[in-house]
Amino acid sequence: MAPSSQRFLFGGDQPWSHTNWTSSDDRVRGGSSYSGLNILPNNTVRFNGNLDITTLGGAGFASQRTTDDLSWDLSDADGLELDIASSDGKVYTLVLKDRLLPKQPDGREQSTVSWEYEFRTAERAIVRVRWGHLRATYRGREIDAEPLDLRNVKRISIMVRSFFGRQEGGFSLDIVSIVAFRGDR
């Protein structure tokens, strides 16, 4: 990437596609939350659904993640930008992974380190996430970890959590694009 440049990962000149995304909600742990990613006519997506806090004792989550056949070399970027068209004001989390393990015999995924950034907006906004703003977590708890392997990003997720009852119910976040950026545009 050239200085002060951007590369669309989703949106813009890389149209959103349902085949690139799948849900990963708390139903994998017996919960009742659910999410969807709907492509709107203007090449924006709506991440929406319902966050349930009753089934898992307040520990609900809902997310959409990229499919396992995608990966990116983001080593030439300084971070990611999310162009948010509208939001309900809830706290959302951008999650990146550089390692995926084989599924367990029951089909569930094995946990690996996640790199997370929480954001909240109630209006149109550009959420700019520099690599240094990501925090390493394992099963939701912050940990010390090796740096994110930017040459081998294997998953991008958008998540909403209940934070043990602090947020619940319907949610909606409209995303115009996810862009790898370089420089201080």
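Just so you know, residue 1 is the first one in the sequence shown, and it goes up from there. Fair warning: this is a prediction, and the values are worked out from it, not measured in the lab.
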With rounding to the nearest 0.5 angstrom, report the [atom1] to [atom2] distance, [X] to [Y].
| X | Y | atom1 | atom2 | result |
| --- | --- | --- | --- | --- |
| Gln6 | Arg182 | CD | CZ | 14.0 Å |
| Arg155 | Thr67 | CZ | OG1 | 9.0 Å |
| Tyr92 | Ile175 | OH | CD1 | 9.0 Å |
| Thr22 | Arg65 | OG1 | CZ | 5.5 Å |
| Thr112 | Arg139 | OG1 | CZ | 10.5 Å |
| Arg120 | Ser87 | CZ | OG | 9.0 Å |

Should [X] and [Y] count as side-chain neighbours, where that means a heavy-atom distance under 4.5 Å?
| X | Y | answer |
| --- | --- | --- |
| Leu82 | Ile158 | yes |
| Ser75 | Arg151 | yes |
| Asp76 | Arg7 | yes |
| Phe47 | Ser35 | yes |
| Asp73 | Asn152 | no |
| Leu80 | Trp72 | no |
| Leu40 | Val45 | no |
| Ile53 | Gln167 | no |

With a 6.0 Å cut-off (strictly less than), is the heavy-atom count around [atom1] of [X], excluding the residue itself, greater than 12?
| X | atom1 | result |
| --- | --- | --- |
| Arg130 | CZ | yes |
| Gln110 | CD | yes |
| Arg135 | CZ | yes |

Check [X] against [Y] and note the closest heavy-atom contact, atom names and distance.
| X | Y | answer |
| --- | --- | --- |
| Phe171 | Lys90 | CB-CD, 3.8 Å |
| Leu51 | Val160 | CD1-O, 3.8 Å |
| Ala85 | Thr44 | CB-CG2, 4.4 Å |
| Ser177 | Trp16 | CA-CZ2, 4.0 Å |
| Arg128 | His133 | O-ND1, 4.3 Å |
| Glu146 | Trp115 | O-CZ2, 2.9 Å |

Check the hydrophobic clustering (I, L, V, M, F, W, Y; side-chain heavy atoms under 4.5 Å; chains of links allowed) and say if [X] and [Y] are grouped together.
| X | Y | value |
| --- | --- | --- |
| Ile84 | Ile39 | yes |
| Trp21 | Met159 | no |
| Val91 | Leu134 | no |
| Val176 | Ile178 | no |
| Leu96 | Ile143 | yes |

Would you please test Leu74 and Leu148 for side-chain contact (heavy atoms from CB on, under 4.5 Å) and show each step? CA-CA 10 Å; Leu74 299 176; Leu148 175 66; over 6 Å; no

Under a 3.5 Å distance rule, please check whether [X] uses its side chain to pair with a backbone N or O of [Y] as donor and acceptor.
| X | Y | answer |
| --- | --- | --- |
| Asn50 | Tyr34 | no |
| Asn43 | Gly11 | no |
| Asp25 | Ser63 | yes |
| Arg99 | Val113 | no |

Residue of the set Ile156, Thr66, Leu37, Leu70 for which side chain to side chain contact (heavy atoms under 4.5 Å, CB included) holds with Asn20: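 Only match with Asn20 under side chain to side chain contact (heavy atoms under 4.5 Å, CB included): Leu70.
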
Have Asp174 and Ser86 got a donor and an acceptor in their side chains that come within less than 3.5 Å?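 The criterion, which ignores hydrogens and geometry beyond distance, is satisfied for Ser86 and Asp174.
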
Check ion pair Arg161-Glu116 (N to O, under 4.0 angstrom):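 Looking at Arg161 and Glu116, the cut-off is met.
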
Can you name the residues that form a side chain to side chain contact (heavy atoms under 4.5 Å, CB included) with Thr54, not counting sequence neighbours?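 Asp52.
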
Do Lys97 and Ser114 pass the side chain to side chain donor-acceptor pair (under 3.5 Å) test, and can you show the C-alpha distance, the side-chain angles, and the key distance before you say yes or no? CA-CA 5 Å; Lys97 287 185 174 278; Ser114 296; 2.9 Å; yes

